[in-house]
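These notes concern the structure reproduced below.
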Amino acid sequence: MAAVKKKRWPYVLGGILVLLIAIVAVVLSRLDAILLKTARDQAATYSQKLGRPIEIGDVSTKLFPYVGAHIQNVSVGAAEGEDLPLAEVKDVTVSVAAMPLLTSKGKDIQVKNAEVSGLTVNVLRLADGTTNVQRLQEKLAAQQPKEETPEEESQPTDLSGVHVERAALTDGAIRFVDRAGGAQARELAVKDLDIEVKDLRVGQPLKVDLAAAVLAEKQNLKMTLAAAPLPATLIPTPEQVTLKAEHIDLSPLGPFLPPDVGLQAGTLDADWKADLGGAVPGGKGPTKLVGAIKALGMKFAGSEGGKALDVVLDTDVTGDMATGDLALDKLNLGLGPAAITGKGKVKGMLTDKPAVEGFELTGRNLDPAVLAEYYPPLRKQLDGMIAGPIGLDVRGSGTQDAQALDIAVDLTPVRLRVPDQLTKDAGGAMKLNAKVTGAAASGGALRFDAKADLNGVDLRPGLLVNKAPGQRLEVAAAGTYAPAKTGSGMTVNVSSMSLGALEDTVTGTASVTLAGTGRKATTTFKADVKAAKLDAEKLLMSEEQVLARNGGKLPPEPPPGAPNRFNGYRGDIQFNIGSLRYTAMDLTHVTGVVKMVDDLITVERFSTGIYGGKVVADGTTLRLGPAPEARPFTAKVQVQNLEVAQALAERTPKQVLTGKFNGNVDVQGVGYTPEKLRQTLLGGINGNLLEGTFLGKDLVSSVTGPLSKALPFASKALKSNEVTSLGGDLPFSVTIKNGVAQLSKPITWTRPEAAMSFNGGVGLDGTLDLTGGVSLTPSTIKTLTMGKVTPTESIPVGLKIAGKAWSPDVTGVDVKPAATTILKLAGGAAVGGLLGEKGKAVQDLVTGGQDKAKAEAEAKRQELEARANEEKKKLEDQARLEQEKAKQRAEEEAKKRLKGIFGGK
């Protein structure tokens, strides 16, 4: 039995293997169907987006020994109104070695072959002059989101496990079919298009070969791109480009170019080679350009007199950006009547031993307006911005010990019209002169000394700088330049700079260092600026001037930039200005240091003399990233002996307050407009007002006037001085919230005539909302009542202050309690004797209404009558008693007299 079993196991194993093969075969057959269905579903989705049918003929796969896919007959069809598909591909083949892929778990990808063959692109020019490619571009552009979300920074993908032995496009074609000419269509083609890449992998140089037959039967265009050994990302750094073209007739391509180009004729010949070296990011070594590119007999629709433009670039140029070498063995650039030519050598400009050998670079007839006569689209592109010959002259000069390049650019004959920036008429001065030398002695690699005369420029179209033609504007800078030793970036040190604008001159030093690329780019800067005086009011346009030049409208706010646009900025600016005139303010001894880290601006130090006092703003911050209306800020300001009247003079229609302010301002908010500040401003102000006076309203007379009228006897209101003295030292503290500066506690001060106390707030627009009282002193009451009443203590009167600070309204004056107190002190009997018709009316007002006044008056009358009757009775009784006493005395006197006469007792 054991022997029988041993003979049977090969058959069992073979059966299992056959079963597995059958299962794999079934799976593969179904896999192709599944992949084809998935691909067609995706094609249907993109068909809707492109407005063109996308079809896939067949998909077949292979799993061993190569994992591969074979896709056949793919087409992007015609849109509505078109009779040719946009693109067709006969065959796409991709094969990847299976075993390395499986054993490495997908990390070792060895592509044996990736080939696209039989690609045909049909560029169709329709009856309306547009092309199918233009229509596709417009449809794709319409589907793009208006605001793109910035992509998150990600680490570069490591593709070191990818090896492509061959990738190619073979037997491709680009057909140009012109249907705009009516029944007879013209057809052109770029045929026999081949692109091939071999052995693409990490550490190997990259070479891409392209060849095509451009409007010809045989290949007449060849291009090769060679790159340095590839990094792990497989992103190439180009090292060499070669271009060869054999008399390609360009005129048939004219109808298929954008209509505004209007190409009618021309030929292209090229035999040109460029060793790029350090001229490209990441590249190293010298850059060499050798050969010629010729575009001859170029005619464009609308050219003046049918002029033909010859464009010729003939070069034998070698340069090294690392050392500052430049050899112009041949440099001829011809643009019709214009030309730039160069010759000579510069050696070691970025070293300590520069040398110049007969170097010349000159421009001739560089007039864009003249070139536009040959190439009319240039006229539209320039839009009248520039016309006139540009002067360009670069020459080597100096001795062996002190060699230099002199650069001269003269735009004086040129007319400039740059919208919303500047204008200049032909003949207005505009020149740049610079000298470039080696600079090792000063610690840099390249030294420059440049001066610019911009006196002929008009900067007023920019609606910012009030500089007219002929007014002074001169710029000078000297310093050093050095490229970064690690590759991209540079450092510029400006050892001296000056700006002469109108009547003022600003001088200083500066430096800036650029490093890194992309999201890791950094800008580090430092500046030290000085000026004896600076009149910014003259230099900057006023709002009235802006409105006059801009049709009565203020310019729109520029669109906000990306919030992270300042990322990577680091630096500080130090300034020292003797006197500064700005927005109707005269500042003296303006000094400070402002620091920037990304978008955060911090005022580390700032002080200035202003309005007879001093202001210090250390610690103030602002973020520049958000839009202006959303920028958060904090303001920390210390004020010493500030003349309040001067500070408010330009900000209020009339004078409001006098005195000197000492205190602190500590606020924070978002935005800069009054509307935003009313919503966001928070913080507080505290300090002291010395020898202050509130102008425009005499609070004491505002009380004594109504009180005098309320008294039912002759009185004398105090004379109004239209001002209120606030005492010698008035401390106060306010809390700012919701656009209102609310008093933290009542402000209180005492004058000889009254003591005053108020609570409430002041709006950012100057609106007052104060409630309080004026306590009239006994001497003031005595004066008011003309000596009739002298109380033992002050008598308060309540009131409110509203309206604008420069034109306040005193409301809610409540004289009733004070008048009642004075009446009581005056005495009832005296009042009864003084009451008349006027007194009754006044008393009626004081006691609170006619009905009540009548009732009280009647009660008073009855009381007085009762008291009068009682007094009358007392007087009558007293009179009778006196009469009886007098009678008795008279009788006794008579008895005495009779007794004396008769001598008896």
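Values reported hereafter were calculated over all heavy atoms of this structure, with side chains retained and with hydrogens, waters and symmetry mates removed.
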Over all heavy atoms of both residues, which pair between Ala295 and Met298 is shortest? Give the atoms and the distance, please.
O-CG, 3.6 Å
Which pairs with one or both residues in residues 280-322 pass ring pair (Phe, Tyr, Trp, His ring centres under 6.0 Å), sequence neighbours excluded?
Phe300-Tyr375
Verify side-chain hydrogen bond (donor to acceptor under 3.5 Å, both in side chains) between Gln264 and Ser251, making sure each step is shown before the conclusion.
CA-CA 5 Å; Gln264 295 179 334; Ser251 55; over 6 Å; no
Check whether any side-chain heavy atom of Arg415 lies under 4.5 Å from a side-chain heavy atom of Lys424, and answer yes or no.
no
Taking side chain as C-beta onward, heavy atoms only, is Leu124 less than 4.5 Å from Asn122?
no
If you look at every heavy atom in Met385 and Pro419, which pair is closest and at what distance?
SD-CD, 3.7 Å
With heavy-atom distances below 4.5 Å as the criterion, would you say the side chains of Asp209 and Val197 are in contact?
no
Heavy-atom nearest pair, Gly297 first then Asp310, reads N-OD1, 2.7 Å
With a 4.0 Å cut-off, would you call Glu165 and Lys198 a salt bridge?
no
When you compare the side chain of Leu392 with that of Thr362, does any pair of heavy atoms fall below 4.5 Å?
no
If you apply the rule salt bridge (charged side-chain N to carboxylate O under 4.0 Å, His left out), what do you find for Asp393 with Arg395, and how did you get there?
CA-CA 7 Å; Asp393 190 17; Arg395 296 181 183 274; 3.0 Å; yes
Taking Arg379 first and then Glu373, would you say they form a salt bridge - that is, a charged N and a carboxylate O separated by under 4.0 Å?
no
To the closest 0.5 Å, what do you measure between CZ (Arg417) and CG (Asp383)?
12.5 Å
Give a yes or no on whether a salt bridge exists between Asp269 and Lys294, defined as a side-chain N under 4.0 angstrom from a carboxylate O.
no
Leu119 vs Leu169 side-chain heavy atoms within contact, under 4.5 Å:
yes
For residues 320-344, pull every pair meeting ring pair (Phe, Tyr, Trp, His ring centres under 6.0 Å), keeping only residues two or more places apart or in separate chains.
none
Atom pair NZ (Lys299) and CG (Leu250), whose distance is rounded to the nearest 0.5 Å:
14.0 Å
Determine whether Ile390 and Asp367 satisfy the following criterion, side-chain contact (heavy atoms from CB on, under 4.5 Å), listing intermediate values before the conclusion.
CA-CA 6 Å; Ile390 300 171; Asp367 188 342; over 6 Å; no
Check this for me: does any side-chain nitrogen of one of Asp453 and Lys451 sit under 4.0 Å from a carboxylate oxygen of the other?
no
Lys467 bridged to Asp458 by N-O distance under 4.0 Å
no
Rounded distance (nearest 0.5 Å) linking atom CG of Asp192 with atom CD of Gln219:
4.0 Å
Shortest non-hydrogen contact between Leu366 and Ala339, atoms and distance
CD2-O, 3.9 Å
Atom CZ of Phe525 with >12 non-hydrogen neighbours under 6.0 angstrom:
yes
Does Glu138 reach the main-chain N or O of Arg135 with its side chain, forming a donor-acceptor pair under 3.5 Å?
no
Atom of Val356, atom of Gly396 and distance for their closest heavy-atom approach
CG1-CA, 3.3 Å
If you measure from NZ on Lys343 to CG on Leu331, what distance do you get to the nearest 0.5 Å?
12.5 Å
Which atom of Asn365 lies closest to which atom of Ala338, heavy atoms considered
O-CB, 3.1 Å
side-chain contact (heavy atoms from CB on, under 4.5 Å) assessment of Asn493 paired with Tyr481:
CA-CA 7 Å; Asn493 285 308; Tyr481 160 84; over 6 Å; no
side-chain contact (heavy atoms from CB on, under 4.5 Å) evaluation trace for Lys207 with Thr224
CA-CA 7 Å; Lys207 185 179 179 182; Thr224 300; 3.8 Å; yes
Between Leu253 and Asp249, does the side-chain contact (heavy atoms from CB on, under 4.5 Å) criterion hold? Intermediate values first, please.
CA-CA 8 Å; Leu253 293 175; Asp249 186 2; over 6 Å; no
Taking the side chain as C-beta and beyond, is there a heavy-atom pair between Leu200 and Leu206 under 4.5 Å?
yes
Taking 4.0 angstrom as the limit, do Arg201 and Asp199 come out as a salt bridge?
yes
Let me have the donor-acceptor pairs involving side chains of residues 276-293, under 3.5 Å, with sequence neighbours excluded, atom names and distances please.
{"unit_1": "Thr287", "atom_1": "OG1", "unit_2": "Leu276", "atom_2": "O", "d": "2.5"}
{"unit_1": "Lys288", "atom_1": "NZ", "unit_2": "Asp316", "atom_2": "OD1", "d": "3.4"}
{"unit_1": "Lys288", "atom_1": "NZ", "unit_2": "Thr318", "atom_2": "OG1", "d": "3.1"}

Any side-chain heavy-atom pair from Ser511 and Thr491 closer than 4.5 angstrom?
no
Output for pair (Thr341 OG1, Leu361 CG), nearest 0.5 Å, gives 7.0 Å
Between the side chains of Lys244 and Glu246, is the shortest nitrogen-to-carboxylate-oxygen separation below 4.0 Å, so that they form an ion pair?
no
Can you check whether Thr523 reaches Val512 side chain to side chain, under 4.5 Å on heavy atoms?
yes
Once you round to the nearest 0.5 Å, how far does CD1 of Ile340 lie from CG of Asn332?
11.0 Å
